[in-house]
Amino acid sequence: MDPIKYLSRIDLFRGLSGEELRQLNAFTPMHTCKKGTVVASPHLERKALYLIKAGKVRLYKLTEDGKELTLDLLRTGHIFGDMTSFRTETRMFAVTMEDSVICSIDREQFQTIIGEKPGLALAYIDIVTARLKEVEEWLEYMAYGSVRKRLLFLLNKLSAKFGAGGEDEPEWGRLQVELTHQELASMTGSMRETITPLLNRLVSEGVLRKEAARGPYWIHRERLRAALAASK
DNA sequence: CCATTAACGACTA
DNA sequence: TAGTCGTTAATGG
């Protein structure tokens, strides 16, 4: 696909002209990686800003006892490896959840680009502050919410981020991410044995639906919101 | 309410 | 065959 087309899909670069995107392209070589590739980790020294030109990426940390804590899921257009990781130590890993096109800009390059195009700095701040707000909201749920509420909150976030609206039934959205119970547990600070009955319960409540046993989840957005507001 | 541990069948590399 | 996944159950905080 046209490299410029890819760049225009990055949220950070929304608002840049075609000519500006063309200039930027010189700094952002395309790199395709297969599903399951670790594109960023504490071991890879290079500190950079990564752009997801196509695909999905999971960010996670390893806890002391070797368990994975998933921090965020990202899709086409998102960026990760923010400025804070340029200076401070980070223990974050990034792994592709499907075949993806990722490129990276290291600090010096990014600073040069920002110098020439200050609007990018503002766009970047917007993205980072939105992210911070999201993390603060998460923190509140993690601290005071039950696992059920944390799962509902997560599903709500996922449907906003990865949910495609059903053509015939607009109130139902299909989750465009394949997540195991293990991963849902990892993201809610829970156990997969806890997640299983909770999901089954949500299906019986009509909040979730499955077409096939192995198929993706469908989410009833309004019922999800209601369940989120109702549960402790 | 939920973590922990154990265990089992099914599926997958 | 070994490892992963979804699931149920017992137990205990």
Side-chain angles (χ1 to χ4, degrees), chain A residues 31-44 54-75 91-102 134-159 161-164 166 172-232:
Chain A
H31 192 261
T32 66
C33 17
K34 291 191 171 180
K35 175 181 180 176
T37 306
V38 176
V39 293
S41 78
H43 313 300
L44 303 174
K56 296 189 183 72
V57 169
R58 183 170 65 95
L59 302 182
Y60 65 95
K61 280 185 167 186
L62 287 182
T63 59
E64 304 268 340
D65 46 343
K67 286 189 284 191
E68 288 185 5
L69 175 67
T70 298
L71 301 171
D72 205 0
L73 300 177
L74 306 171
R75 57 162 167 73
R91 239 170 280 278
M92 196 183 70
F93 293 79
V95 63
T96 53
M97 303 174 72
E98 60 185 40
D99 292 358
S100 304
V101 182
I102 313 281
E134 202 175 314
V135 171
E136 285 175 355
E137 205 179 358
W138 247 122
L139 192 57
E140 196 176 332
Y141 276 92
M142 291 299 278
Y144 300 119
S146 61
V147 173
R148 175 183 162 87
K149 189 153 190 174
R150 303 208 291 266
L151 180 62
L152 285 168
F153 179 71
L154 173 63
L155 290 172
N156 193 34
K157 274 264 175 283
L158 289 178
S159 80
K161 217 160 168 182
F162 296 94
W172 289 89
R174 185 183 58 255
L175 263 197
Q176 310 257 45
V177 250
E178 309 144 356
L179 291 172
T180 64
H181 292 191
Q182 178 63 68
E183 282 166 331
L184 288 173
S186 156
M187 295 165 84
T188 52
S190 176
M191 301 284 120
R192 92 179 187 284
E193 299 92 327
T194 306
I195 294 298
T196 300
L198 280 177
L199 286 175
N200 290 335
R201 176 149 229 282
L202 290 174
V203 169
S204 72
E205 288 173 12
V207 175
L208 297 180
R209 171 155 60 94
K210 279 252 212 177
E211 303 277 78
R214 303 223 147 251
Y217 274 108
W218 287 75
I219 296 181
H220 193 288
R221 297 201 179 84
E222 206 44 54
R223 290 180 193 157
L224 179 62
R225 262 181 267 283
L228 186 57
S231 73
K232 285 288 175 188

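Proteins get letters first, then strands, A, B, ... in listed order; numbering begins at 1 in each.
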Got A:R148 and A:L202 here, is their nearest side-chain heavy-atom distance under 4.5 Å? yes
Rounded distance in Å - CG (A:L151) to P (B:dA3): 12 Å
If you look at every strand shown and take non-hydrogen atoms under 4.0 Å, does A:S146 touch a base, only sugar-phosphate, or nothing? sugar-phosphate
Rounded to whole Å, the CD-P distance (A:E193 to B:dC1) equals 17 Å
A:K61 charged N/C atom sitting above A:F93 aromatic ring, 6.0 Å / 45°: no
B:dA13 P sits how many Å from A:K34 NZ, rounded? 14 Å
Whole Å only: how far is the CZ atom of A:R192 from the P atom of B:dC2? 18 Å
Looking at C:dG6, C:dA9, B:dC11, which one has an atom nearest to any side-chain atom of A:T180? C:dG6
Go through B:dT5, B:dT4, C:dG6 for me and flag the one nearest to the A:M191 side chain. B:dT4
Contact summary for A:A94 and A:V57, nearest pair of heavy atoms: CB-CG1, 4.0 Å
Report yes if a side-chain nitrogen or oxygen of A:S190 is closer than 4.0 Å to either non-bridging phosphate oxygen (OP1 or OP2) of B:dC2; otherwise report no. no
Rounded to the nearest Å, what distance is computed from the CD atom of residue A:E178 to the C1' atom of nucleotide B:dT12? 15 Å
Side-chain contact check for A:R214: nearest option of B:dA3, B:dC11, C:dT7 is B:dC11
Quick check on the helix from B:dC1-C:dG13 to B:dA13-C:dT1: what's the angle between its two end axes, five base pairs per end, to the nearest 10°? 20°
Can you give me the closest heavy-atom contact between A:L175 and A:P216, atom names plus distance? O-CB, 3.7 Å
Could you work out which one of B:dC2, B:dT5, B:dC11 sits closest to the side chain of A:V147? B:dC2
So, does A:T194 get its side chain near the phosphate of B:dA3, meaning an N or O under 4.0 Å from OP1 or OP2? yes
Which of these passes salt bridge (charged side-chain N to carboxylate O under 4.0 Å, His left out) with A:D72: A:K161, A:R58, A:K56, A:K157? A:K161
Which atom pair, heavy atoms only, marks the closest approach of A:Y60 to A:T70? CB-CA, 3.8 Å
Rounding to an integer number of Å, can you tell me how far A:K35 NZ sits from B:dT12 C1'? 12 Å
Nearest-Å distance for atom pair CG/P, residues A:L199 and C:dG6: 9 Å
Angle between ring planes, A:F153 versus A:W138, binned at 30° and 60°: parallel, tilted or perpendicular? perpendicular
Describe the nucleic acid contact of A:R148 in one word from base, sugar-phosphate, nothing, applying a heavy-atom distance below 4.0 Å. sugar-phosphate
Testing the basics here: between A:M92 and A:L71, what is the closest heavy-atom pair and its distance to 0.1 Å? CG-CD1, 4.1 Å
Look at the side chain of A:H181 and decide which nucleotide, out of B:dA3, C:dT7, B:dC11, has an atom nearest to it. C:dT7
Distance check needed: B:dT4 P versus A:Q182 CD, whole Å only. 12 Å
Describe the nucleic acid contact of A:G189 in one word from base, sugar-phosphate, nothing, applying a heavy-atom distance below 4.0 Å. sugar-phosphate
